[in-house]
Amino acid sequence: MDVTIRPGAIAGTVAAIPSKSEAHRALICAAFAQGPTRVACKSSSADIDATVSCLTELGAQVSHEGGMLDVSPIPRGRDRHPKAREGRTLDCSESGSTLRFLLPVVAALGCNASLTGRGRLAERPLSPLYELLVEHGAVLSPQGSFPLKVGGRLSGGVFELPGDVSSQYVSGLLLAAAVTDIGVEVRVDEPVQSLSYVSLTCRTLRRFGIAVETWQRQSKRGSQAVWHVAPDQLPGSEGDVALPGDWSNAAFWLCAGALAGAGVTVTGLDAGRSEGQGDRAIMAILARMGARIVRGPESVSVMPGPLVGCDFDVSDTPDLVPPIAVVAACAEGTTRIRGAARLRLKESDRIATVSAALRALGVTVEEHPDGIDVHGVGTLSGGTVDAANDHRIAMMAAISAARSSGAVTIAGADCVAKSYPSFYDDLALLGGVVTREG
């Protein structure tokens, strides 16, 4: 499907969709809890559906009615070990979180499952997690192709990782320890990229009664952050779990509010908390660039201001690069974005596809191995953007119409279903003039 959006500011109020990051973690814990759990999730997405499908294959029962995901956990035997179904194929679709979280979990269960998926998922790296799992007893088929067969049984112990790899590896190991009876100590060289996502995993585990200890240590490798989950812990039933709004997707609306018009308010965000999802950093980023921010306990409003280019290190918040890049294109001067090398391994090579999208809209962009330089032009020209089967590229192109002189057409626009199926409906609610074709 292609979508064309007429130029013009968007304004108004929109409710944030539930956090995809928190949904993955809560659903996995709920599937291995000691009793039923209800996860409040008013809308789903392809990625969340992939995790639900995999957990169902393993033996959990999950239904979605009335904005609630009702989860009945996988049964446990007399040895208290979860009795997951044997020999199942788990379809992760295009969800990197699903694959990287469930690979260690399946290895710890010892249920001889296979993991498969679509798109670029097979190409996305699993090393050095792959090698660590093998060292600790898992038997894996060669990586780089699907299905990835998982045999043996993962043992606990110490797992050491460099700090510049996906934080999902750390989260997957912690989840594996929490839902089975093994204990793990994960040591990661500092600085740890996307540290906020590991903290999010720890908060979810603690909500389900799993103790996670953290400290720092010195080794021959230098300073390391350590996470420890003791063996023989069983996740309790949280009962009802409310998911906060998704900052990663809300960032597109907040950035659109900075571009033109009367501003945009997003409700359902934990703006008043001292900690939360890492992408809540979008508030500070937009403030630095000159937008006006009004923060409430559960909402954020952004209004336009004189926008100026800045330098940003996004090593902890790489998913913010696409919406930031649109604001940078409309700012005065040059914006330098660094610390984003891992974006080359997303649904698309996101450094290349962000750059291509901006160029299609009349912006001069310079690519670097770990980021981009965006030279602001004030007003974009409009044009046709190839979404490259990447939901964040499609959403980036859509909000660019708020400050474009011509219409913006998005080729392959339906890829937003990966994280935000109702994105174009919400855009229309905010005044966007959206035409769907095909």
Side-chain angles (χ1 to χ4, degrees), residues 18-41 44-45 47-64 68-76 80-85 90 92 95-109 111 113 154 156 167-184 186 196-214 227-244 246 275-277:
S19 167
K20 181 165 70 79
S21 297
E22 302 210 26
H24 287 303
R25 292 159 170 83
L27 286 167
I28 292 170
C29 288
F32 293 89
Q34 298 178 70
T37 303
R38 304 186 78 212
V39 181
C41 189
S44 192
S45 66
D47 279 8
I48 294 174
D49 291 345
T51 291
V52 168
S53 172
C54 292
L55 294 173
T56 301
E57 283 295 319
L58 289 172
Q61 296 180 32
V62 186
S63 62
H64 196 180
M68 300 294 292
L69 283 162
D70 291 300
V71 184
S72 295
I74 295 168
R76 290 179 179 265
R80 303 198 307 170
H81 196 277
K83 298 302 180 184
R85 292 172 176 167
L90 312 184
C92 302
S95 174
S97 296
T98 305
L99 174 64
R100 288 166 172 169
F101 292 168
L102 289 183
L103 174 57
V105 168
V106 167
L109 290 170
C111 59
L154 188 70
S167 65
Q168 292 171 351
Y169 300 166
V170 182
S171 292
L173 290 168
L174 296 176
L175 288 165
V179 304
T180 61
D181 57 359
I182 66 171
V184 303
V186 186
S196 60
Y197 286 97
V198 181
S199 299
L200 181 61
T201 301
C202 294
R203 286 196 298 275
T204 303
L205 292 176
R206 289 168 181 143
R207 287 184 68 177
F208 280 84
I210 300 296
V212 185
E213 298 178 88
T214 63
W227 291 269
H228 180 262
V229 176
D232 297 321
Q233 298 191 68
L234 296 177
S237 174
E238 174 66 11
D240 289 352
V241 175
L243 299 178
D246 191 304
E275 60 178 13
Q277 299 163 50

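- Environment of CD in Q34: crowded, with over 12 heavy atoms of neighbouring residues, nucleotides or ligands closer than 6.0 Å.
- Annotation: salt bridge (charged side-chain N to carboxylate O under 4.0 Å, His left out) contacts involving residues 25-41, sequence neighbours excluded, comprise R38-D70.
- Donor-acceptor pairing under 3.5 Å is recorded for the side chains of Q168 and S97.
- In this structure R85 satisfies the salt bridge (Lys or Arg N to Asp or Glu O under 4.0 Å) test with no other residue, sequence neighbours excluded.
- Taking CD1 of I210 as the reference point, atom CG of L234 lies at 7.0 Å (rounded to 0.5 Å).
- The distance from atom CG of L175 to atom OG1 of T201, rounded to the nearest 0.5 Å, is 5.5 Å.
- S19 and L243 get closest at one heavy-atom pair: O-CD1, 4.3 Å.
- Heavy atoms only, all atoms of each residue included: A178 and L205 are closest at CB-CD2, 3.4 Å.
- Residue V212 comes nearest to V229 through the heavy atom pair CG2-CG2, 4.1 Å, listed as atom of the first residue, atom of the second, then distance.
- Distance alone, capped at 3.5 Å, is enough to place a donor-acceptor pair between the R76 side chain and the F32 backbone.
- One distance of note links OG of S95 with CD1 of I48; it measures 9.0 Å at 0.5 Å rounding.
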Cut-off 3.5 Å, no hydrogens considered: what does the side-chain donor-acceptor table look like for residues 49-57, sequence neighbours left out?
unit_1 : atom_1 : unit_2 : atom_2 : d
D49    : OD1    : S44    : OG     : 2.6
T51    : OG1    : H24    : ND1    : 2.7
T51    : OG1    : T98    : OG1    : 2.7
T56    : OG1    : V52    : O      : 2.8
E57    : OE1    : R88    : NH1    : 3.4

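- Judged as a side chain to side chain donor-acceptor pair (under 3.5 Å), and not counting sequence neighbours, the contacts of E213 are H228.
- Rounding to the nearest 0.5 Å gives a distance of 7.5 Å between CG of L69 and OG of S63.
- Scanning both residues, G59 and P75, for their nearest heavy atoms gives O-CD, 4.2 Å.
- Remark: S171 OG to Y197 OH distance equals 10.5 Å, nearest 0.5 Å.
- Within the model, atoms OH of Y169 and CG of L174 stand 15.0 Å from one another, a figure rounded to the nearest 0.5 Å.
- Judged by distance alone, with hydrogens and angles left aside, the side-chain atoms of T37 form no donor-acceptor pair with the main-chain N or O of A33 at under 3.5 Å.
- Closest approach of D246 to S21, counting heavy atoms only: OD2-N, 4.5 Å.
- H81 pairs by the side chain to side chain donor-acceptor pair (under 3.5 Å) definition with R153, not counting sequence neighbours.
- Not a single donor-acceptor pair under 3.5 Å links the side chain of E22 to the backbone N or O of P244.
- When all heavy atoms of P82 and I74 are compared, the closest pair comes out as CB-CG2, 4.3 Å.
- Residues satisfying the side chain to side chain donor-acceptor pair (under 3.5 Å) criterion with D47, sequence neighbours excluded, are K20, K418.
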